[in-house]
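Presented below is the structure to which this report refers.
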Amino acid sequence: MEKVDLGFYERTNVLKIANDLLGKLMVTSWNGKQSIGRIVEVEAYNGIVDKASHAFGGRRTSRTEIMYGRGGTAYVYLCYGIHHLFNIVTNKRDIPHAVLIRALEPVEGIDLMLQRTGKVKVDHSLASGPGNVSKAMGILTRHSGEDLLGKQIFLAYDNFSLRKSEIIATSRIGVDYAAEDALLPYRFFIWNNVYVSAKKSLEVVGVEKRAYKSIPSKQSI
DNA sequence: CTGACGATTCACT
DNA sequence: GTGAATCGTCAGC
């Protein structure tokens, strides 16, 4: 298991990074408690030109400031007053790209995940859905700003690999307010993986496997 | 200071 | 399919 390095996070194409995150291992380790999950579903948020992004239009607030930090930083925020959503900041400082981790396949420390989620046995929902990912891994908003090159929260890779044909791209979940940008195929997941969330909405959408080639890059508003 | 609301989940119909 | 839970964040006054 090798830790994902800074170069991976600092790349400029957030859609490419989102694709590359599929199959990677997410690790949390504190108080001697380690949990590992394999990333099976993500969503890309393309910074200031993306109406679904918290940083749309260059918006800077105390909360979103983290997104303007260096790639390889955790951005965690509270949603609906209940759910802690874990994102990975990408690109260079001042370019607020991010990738939301939406689902994990539990790999290690599963007893801890069960304990944290209050579940009795493993099922498809253990770390499926962005709120459940954080709950199972023990991530809270206080971890926002944490360095992903550190020892507490980081990503790693092993021998696992995916073919491009195993990656499905669809529109993102819960971003209807983003008008036309709600339709962009910025959600990626592993085909046929049982831990992927919101399956009902799939209906085998028009699969856009090369979505990242059409990424908008203009930096004006 | 106030009010509206969200990158969600779960139980229930 | 519908609605409740629940609170930090943010715009507006």
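Note on naming: letters A, B, ... go to the chains in the order of the sequence lines (proteins, then strands), and numbering restarts at 1 for each one.
When hydrophobic residues (I, L, V, M, F, W, Y) are linked wherever their side-chain heavy atoms come within less than 4.5 Å, the members clustered with A/V107 are A/M1, A/L25, A/V27, A/I36, A/F154.
The nearest whole Å value for the distance from the NZ atom in A/K135 to the C1' atom in B/dA7 is 18 Å. Whole-Å rounding puts the A/I82 CD1 to B/dG6 P distance at 14 Å. For the pair A/Y177 OH and B/dA4 P, the computed distance is 20 Å after rounding to whole Å. Look at CG on A/L184: it is 16 Å from P on B/dA7, rounded to the nearest Å. Between the NE2 atom of A/H84 and the P atom of C/dT9 there is a distance of 11 Å, given to the nearest Å. Summarising the geometry, the separation between OH on A/Y80 and C1' on C/dT9 is reported as 14 Å, rounded to the nearest angstrom. Between the P atom of C/dA11 and the CZ atom of A/R60 lies a distance of 14 Å, rounded to the nearest Å. Rounded to a whole Å, the CG atom of A/N46 is 15 Å from the C1' atom of B/dA7.
With C/dT9, C/dG8, B/dA7 as the candidates, the nucleotide lying closest to the side chain of A/T61 is C/dT9. Looking at the side chain of A/R63, the nearest of the listed nucleotides B/dA7, B/dT9, C/dC10 is C/dC10. Of the candidates B/dA7, C/dC10, B/dC10, B/dA7 carries the atom nearest the A/H54 side chain, counting heavy atoms from C-beta on. In this structure, of B/dT8, C/dT6, C/dA11, it is C/dA11 that holds the atom nearest to the side chain of A/R59. Here the nucleotide nearest the side chain of A/Y45, chosen from B/dC10, B/dT8, B/dA7, is B/dA7.
No donor-acceptor contact under 3.5 Å links the side chain of A/H83 to the base of B/dA7.
Side-chain atoms of A/S35 and A/R116 include a donor-acceptor pair closer than 3.5 Å.
Taking the six-membered ring for Trp and the full ring otherwise, A/Y77 and A/H54 have centroids separated by under 6.0 Å.
Between A/V76 and A/L140, the closest side-chain pair of non-hydrogen atoms is not below 4.5 Å.
Using a distance-only test at 3.5 Å, with no hydrogens or angles considered, a donor-acceptor pair links the side chain of A/Y177 to the main chain of A/A52. A/K3 contributes a side-chain N or O that, together with a main-chain N or O of A/G150, makes up a donor-acceptor pair within less than 3.5 Å.
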Run the side-chain contact (heavy atoms from CB on, under 4.5 Å) test on A/L21 and A/F8 for me, step by step, so that the C-alpha distance in whole Å, both residues' side-chain angles and the decisive distance to 0.1 Å come before the verdict. CA-CA 10 Å; A/L21 283 171; A/F8 178 94; 3.6 Å; yes
Test side-chain contact (heavy atoms from CB on, under 4.5 Å) applied to A/E146 and A/T73, step by step: CA-CA 6 Å; A/E146 185 134 334; A/T73 303; over 6 Å; no
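As judged by a 4.0 angstrom heavy-atom cut-off over every strand, A/S62 is placed among residues touching the sugar-phosphate backbone only. Using a 4.0 Å heavy-atom criterion, one finds that A/N132 contacts the sugar-phosphate atoms exclusively.
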Pairs counted as Watson-Crick or G-U wobble with both distances under 3.5 Å: what dot-bracket string results for DNA chain C, using | for bases tied to another strand? |||||.||||||.
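Residue whose closest nucleotide on DNA chain B sits further toward the 5' end, between A/V175 and A/K119: A/V175.
In this model, the phosphate group of B/dA7 is not approached by any side-chain N or O of A/R187 to a distance below 4.0 Å at OP1 or OP2.
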